[in-house]
*Asks:* 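Structure in structure tokens, see below.
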Amino acid sequence: MSSPSLKETRPFHDVKFVKGAVSHLHFPADDRPFVLFAGRSNCGKSSLLNALAQRHNLARVSKTPGRTTEANFFDVSGRFYLVDLPGYGFAAAARAKRAEWDALAADLFADPRTRIVLLLIDIRRMPDENDRALIEFARSRGRTLRYVLTRRDKIGRGEFSRVMSAWRREWGINELSVASVPCFVTSSKTKEGIAELAKAIEEYAAPAP
Ligand code: GDP
């Protein structure tokens, strides 16, 4: 007998790169929802997108050095878009780049199709000033933000509980309310947490009842 719950939690299979966009003028013209992926450079974003799409090089295009600041749109089964924001963490010197990033993010956060902002952070780090700026940006625009803690495989069990306590303190959540921790814990290497994240994304992107 087939198990519907197993099917529901599979990552995405029909994912296609659609286009890169520097501003809202180049966003797709249809009304499908956007699920945004943000995070500093090297946070594991390309690997996570590849894991979600079950592909090896889907998100490689976003990594070409020297590329202009573009958000990459990936179509999931003609139902919604995964939107890959450029990684941040620019040197102070790269002011122009930062301004481009801010303008692009402002367009995406203002877009009525945006359903959720997923902020990726390496599980071994805490949010840096760029992450905090993004969190504040999402909050000020009334956007729901969820954390995706990446590279779970890099720490053992003991370290994991220590790290999660630090995250709970960060969020002002105590041990008793663990169930409400607003995060996903993933590893693109072992695929831990990938199916759960895919399922949650489906729900964020689902049409309003
Ligand atoms: P991006 O710059 O945010 O797109 O980061 P990448 O996805 O390219 O990841 C940067 C490096 O971290 C690469 O060498 C990846 O193989 C590695 N990496 C990404 N995710 C994981 C993970 O979950 N586990 C491990 N062990 N390595 C990872």
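Because only heavy atoms are used, hydrogens play no part in the values below, and waters and symmetry mates are left out as well, while side chains stay in. First listed ligand is number 1; within each ligand, the first listed atom is number 1.
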*Asks:* Mind checking whether Leu145 and Leu134 have side chains closer than 4.5 Å, heavy atoms only?
*Replies:* yes

*Asks:* Determine, stepwise, if the pair Glu203 / Lys199 fulfils salt bridge (charged side-chain N to carboxylate O under 4.0 Å, His left out).
*Replies:* CA-CA 6 Å; Glu203 285 163 15; Lys199 183 163 190 264; 3.8 Å; yes

*Asks:* Quickly, which of Leu49, Val117, Asn72 forms a side chain to side chain contact (heavy atoms under 4.5 Å, CB included) with Phe37? Name it, please.
*Replies:* Leu49

*Asks:* Considering only heavy atoms of Lys154, which atoms of ligand 1 have at least one such atom less than 4.0 Å away?
*Replies:* 26 (N)

*Asks:* So, regarding Thr150 and ligand 1 (criterion: nitrogen or oxygen to nitrogen or oxygen, under 3.5 Å), is there a contact or not?
*Replies:* no

*Asks:* Taking Phe109's backbone N and O only, do any of them form a donor-acceptor pair with Arg143's side chain (distance below 3.5 Å, no angle check)?
*Replies:* yes

*Asks:* Pairing donors with acceptors under 3.5 angstrom, does anything connect the side chains of Asp131 and Tyr147?
*Replies:* no

*Asks:* For the pair Arg55 (side chain) and Lys16 (backbone), establish whether a donor and an acceptor sit closer than 3.5 Å, ignoring hydrogens and angles.
*Replies:* no

*Asks:* Pull out every atom of ligand 1 sitting under 4.0 Å from any heavy atom of Ser47, numbered as shown with elements.
*Replies:* 6 (P), 7 (O), 9 (O), 15 (C), 19 (C), 20 (N)

*Asks:* For Ser187, take its heavy atoms, then give the atoms of ligand 1 lying under 4.0 Å from any of them.
*Replies:* 23 (O)

*Asks:* Which of the atoms of ligand 1 are close to Gly44, meaning less than 4.0 Å from one of its heavy atoms?
*Replies:* 1 (P), 3 (O), 5 (O), 6 (P), 7 (O), 9 (O), 19 (C)

*Asks:* Just going by heavy-atom distances, which of Arg40, Arg152, Lys45, Lys189 is nearest to atom 3 (O) of ligand 1?
*Replies:* Lys45

*Asks:* Ser188 versus ligand 1: do any nitrogen or oxygen atoms come within less than 3.5 Å of each other?
*Replies:* yes

*Asks:* Touching ligand 1 at all, Cys43? Heavy atoms, strictly under 4.0 Å?
*Replies:* yes

*Asks:* Can you list the ligand 1 atoms lying under 4.0 Å from a non-hydrogen atom of Asn42?
*Replies:* 1 (P), 2 (O), 3 (O), 5 (O), 10 (C), 11 (C)

*Asks:* Should Leu48 and Leu118 count as side-chain neighbours, where that means a heavy-atom distance under 4.5 Å?
*Replies:* no

*Asks:* Is the closest heavy-atom distance from Asp153 to ligand 1 below 4.0 Å?
*Replies:* yes

